[in-house]
Engineer: 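Mind having a look at this structure? Questions to follow.
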Amino acid sequence: MAFENKYVQQRIQKAQTLKDAGFNPYSNNSQRNTTVEKYLNVNDDIESKENKRDENRHYIISGRIKLLRIMGKASFVKIEDESGILQAYITRDNLPEGFYNDIFKKNIEVGDIIEVGGYPFVTGKGELSIHVSDLKLLTKAIAPLPEKFHGVTDKEIRYRKRYLDLIMNAEVRKTFQTRSKVISLTRRFFEDKGFLEVETPMMHPIAGGANAKPFVTHHNSLGIDRYLRIAPELYLKRLIVGGFEAVFEINRNFRNEGMDATHNPEFTSIEFYWAYKTYKDLIEITKEYFNYLFEHLSLPTRLPYGEHEVNFENFQEIPLIKSLTSVGGIPSEVVDDKEKILAYLKSKNITVKPNLNLGQLQGELFDEYVEEKLIDPTFITEYPVEISPLARRSDENPAITERFELFIAGREIANAFSELNDPLDQYERFKGQVECKDAGDDEAHEMDEDFIDALSYGMAPTAGQGIGIDRLVMLLTNEHSIRDVLLFPAMKPISSEIIDEDICE
RNA sequence: GUCUUGUUAGCUCAGCUGGUAGAGCACGUCACUUUUAAUGAUGUGGCCGAUGGUUCGAAUCCAUCACAGGACACCA
């Protein structure tokens, strides 16, 4: 089954021919002494030299052949490494007797990883290249690459065979380099602020900290089920109880739910908790965090996202109720009255679930009329208590909470609040959740008695925030599917994989 | 979960109202020492996603299934 494709067969034969001629098609004897990027930088003066070359310089470059133009006794080869792509000029007379015709032309092709040594020169068409005097094959590719011009565009192939996507699409590599930098910068930002990075369990006895269905796994020697965590929140707060005053965790969460352009079953978030602070401090640190990211990623403060342009110098702060009128254009006499909201929604032909309370209806109005219009970064504050079960009530107005969500380009990016630290209140809220669970809501919280115990010892007033890293990277890279910012997004198995599994078992 | 659009050569795609498959790139052979998706000549390559059905005859029509994309719903 494997290797039966005729192109693969052909290339296997070439590898064998090379072996027979004494050339290892999988040599590990690389002598590389520079990268393409460095080569191009160091030699950018060649253009001005006599004959546009310098035979006294010598470099060894390694990489994959992306393009091959054989023109009789001379050839042009585009060699790509991680840093860039370089043209090599290869001639028969600069290589050992017979090598060019019998080895290079016959057995080395697009997709192979080679190493070339030579001097820098500029071609007649003005391209800085390398004039090759040494060529060796490092790795024979026995699978042919996709077509050179269109590359691979089929999303299924790109996600299932990400390595192929990365080979063919340089801009994809760039997206993941940006992702890596975002995570690194995020870590450095919070460390510099005095936060301690911690690791809390990925396998939970009780899946808490969010409303979501968990994945279940089994611990054999203990004979018990464990849940892959849906959020680290309750463990991080236990650490605040224990006396750490600023902690953060960047890690994966797992939710056993649907997949779409903004949801993958495993996703990365940062959650951070900061004692003796409130959500207002979080607004300030969030602005600072974005400034830090933009500065270190060298991004312009006006970023395109789809059809929009986001101005990251224009952070707004609007209480939720006010946003309904000022952004959503809903008449002010409507937004504070349950019956009027219902009538308003009905007049607009929007149906909502029955028996929603005022806070929930305000949430519906927000989702319907405001969210997608928030293009520049906007902190929506003062959420109704009914839709903020984990947030602390405002001391001035017990109907609202000390909470914000940050919206950018019509999407939620962060959720933050002053944390609920009253153990009796938390106990009651868990009880309410348990009732929902008993009534059939399989996403409701379970009672976490140990967490109540922890709060009973006293958790300092604390502010906490979660930021979805995947969605943040989407925003910064102008990507519109979460799969395009995950190296290996979740995919259904193809049918042959399922059959194989059945045979094994 | 619902709707919708796809699935044809290694890749990117044609193939109309049913008559046993087509291009470009890639690959093989030949020519070519400054090309830029090199060029010219020539040749190979396919169980048309899977299974049923309708039909004398199915890549094409119908049904079911699988996978993927998009939209909606649900969910952070």
Side-chain angles (χ1 to χ4, degrees), chain A residues 4-11 13-14 52-53 65-78 85 87-95 100 105-106 109-111 121-127 129 131-132 141-161 164-165 167-168 209-213 230-231 233 253 255-265 267 269 271 351-353 363 367 371 387 390 405 407 411-415 441-444 466-468 470-471 480-484 489-499:
Chain A
E4 72 184 2
N5 177 282
K6 64 180 169 147
Y7 298 106
V8 174
Q9 280 298 323
Q10 216 170 63
R11 296 175 78 119
Q13 184 52 54
K14 289 181 182 183
K52 300 193 174 182
R53 64 190 59 214
I65 300 177
K66 296 298 289 292
L67 278 173
L68 184 54
R69 289 187 279 273
I70 297 176
M71 316 177 58
K73 299 179 190 67
S75 298
F76 291 92
V77 183
K78 293 274 189 178
I85 190 159
Q87 176 168 270
Y89 180 62
I90 297 165
T91 59
R92 185 190 66 182
D93 298 341
N94 283 298
L95 291 171
Y100 181 82
K105 270 169 73 173
K106 297 286 183 190
E109 57 204 316
V110 171
F121 81 118
V122 174
T123 65
K125 302 281 181 180
E127 179 166 349
S129 307
H131 203 293
V132 173
I142 61 167
L145 287 183
E147 199 244 0
K148 63 187 172 188
F149 187 61
H150 299 93
V152 53
T153 59
D154 185 309
K155 285 195 189 259
E156 184 165 3
I157 299 175
R158 290 186 46 218
Y159 298 148
R160 287 193 196 277
K161 302 190 173 200
L164 204 51
D165 188 28
I167 288 171
M168 298 307 295
N211 291 338
K213 282 178 234 169
I230 56 175
E233 173 154 354
N253 296 315
R255 297 191 184 175
N256 206 341
E257 291 166 351
M259 294 153 57
D260 62 26
T262 54
H263 296 85
N264 194 69
F267 63 98
S269 69
E271 287 201 14
T351 51
V352 293
K353 283 187 234 165
D367 291 346
E371 181 168 359
I387 54 174
L390 296 171
E405 291 194 354
F407 293 88
R411 288 233 183 94
E412 184 209 330
I413 293 293
N415 182 19
D441 180 358
D442 51 6
E443 290 181 2
I467 303 172
D470 311 289
R471 291 183 190 179
H480 294 256
S481 170
I482 195 169
R483 295 179 201 99
D484 290 318
M491 301 289 278
K492 286 195 195 177
I494 53 179
S495 53
S496 63
E497 287 174 346
I498 295 172
I499 290 162

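Since this is a predicted model, take the numbers as computed values, not measurements. A, B, ... follow the sequence lines: proteins, then strands. Residue 1 opens every chain.
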Engineer: Under a 3.5 Å limit for both distances, which nucleotide forms a Watson-Crick or G-U wobble pair with B:G49, could you say?
Structural biologist: B:C65
Engineer: Roughly, in whole Å, what's the span from CD1 in A:I90 to P in B:U35?
Structural biologist: 16 Å
Engineer: Regarding A:E405, tell me which of base, sugar-phosphate or nothing describes its non-hydrogen contacts under 4.0 Å with the strands shown.
Structural biologist: base
Engineer: What's A:K66 touching, base or sugar-phosphate or nothing? Going by heavy atoms closer than 4.0 Å.
Structural biologist: nothing
Engineer: Nearest of B:G28, B:G69, B:U36 to any side-chain atom of A:E109?
Structural biologist: B:G28
Engineer: Rounded to the Å, how far apart are A:R411 CZ and B:C75 C1'?
Structural biologist: 15 Å
Engineer: Look at all strands and tell whether A:R483 reaches a base, only sugar-phosphate, or nothing, counting heavy atoms closer than 4.0 Å.
Structural biologist: sugar-phosphate
Engineer: Give the nucleotide from the list B:G69, B:U33, B:U34 with an atom nearest to the side chain of A:F76.
Structural biologist: B:U34
Engineer: Quick one: A:M168 CE to B:A26 P, roughly how many Å, whole number?
Structural biologist: 12 Å
Engineer: When you measure from the side chain of A:E127, which nucleotide among B:U35, B:G28, B:G45 comes out closest?
Structural biologist: B:U35
Engineer: Using a heavy-atom cut-off of 4.0 Å across all strands, would you classify A:K213 as base, sugar-phosphate, or nothing?
Structural biologist: nothing
Engineer: Take a 6.0 Å sphere around NZ of A:K105 and say whether it holds more than 12 heavy atoms from other residues, nucleotides or ligands.
Structural biologist: yes
Engineer: Using a heavy-atom cut-off of 4.0 Å across all strands, would you classify A:Y100 as base, sugar-phosphate, or nothing?
Structural biologist: nothing
Engineer: How would you label the contact of A:Y89 with the nucleic acid (heavy atoms, under 4.0 Å): base, sugar-phosphate, or nothing?
Structural biologist: base
Engineer: Select one nucleotide: of B:C11, B:G45, B:U35, the one nearest the side-chain heavy atoms of A:P146.
Structural biologist: B:C11
Engineer: Searching all strands shown, indicate the nucleotide that pairs with B:G19 (Watson-Crick or G-U wobble; both distances under 3.5 Å).
Structural biologist: B:C56
Engineer: Just to be sure I understand the rule, does A:K6 reach a base, reach only the sugar-phosphate, or reach nothing, if contact means heavy atoms closer than 4.0 Å?
Structural biologist: base
Engineer: Hunt down the Watson-Crick or G-U wobble partner of B:G28, both distances under 3.5 Å, from any strand shown, or write none.
Structural biologist: B:U42
Engineer: Among B:G10, B:A76, B:A38, which is the nearest nucleotide to the side chain of A:P144?
Structural biologist: B:G10
Engineer: Consider the side chain of A:T153, meaning its heavy atoms from C-beta on, and name the nucleotide among B:U33, B:C32, B:C13 that approaches it most closely.
Structural biologist: B:C13
Engineer: Identify the nucleotide, in any strand shown, that forms a Watson-Crick or G-U wobble pair with B:U36, with both distances under 3.5 Å; if there is none, say none.
Structural biologist: none
Engineer: So if I take every side-chain heavy atom of A:E147 and compare against B:U36, B:G24, B:C27, which nucleotide ends up nearest?
Structural biologist: B:G24
Engineer: Give A:G466 one of three labels, base, sugar-phosphate or nothing, depending on what nucleic acid heavy atoms sit under 4.0 Å from its own.
Structural biologist: nothing
Engineer: On RNA chain B, check which nucleotide each of A:K73 and A:A261 is closest to and give me the residue with the more 5' one.
Structural biologist: A:K73
Engineer: As a test of reading the structure: which of B:A73, B:A37, B:A68 is closest to the side chain of A:D260, going by heavy atoms?
Structural biologist: B:A73
Engineer: Nearest to the side chain of A:R69 - B:U34, B:A38, B:G10?
Structural biologist: B:A38
Engineer: Please determine, for the side chain of A:L67, which listed nucleotide (B:A76, B:A38, B:U29) has the closest atom?
Structural biologist: B:A38
Engineer: Using Watson-Crick or G-U wobble geometry with both distances below 3.5 Å, tell me the partner of B:A71, or none.
Structural biologist: B:U2
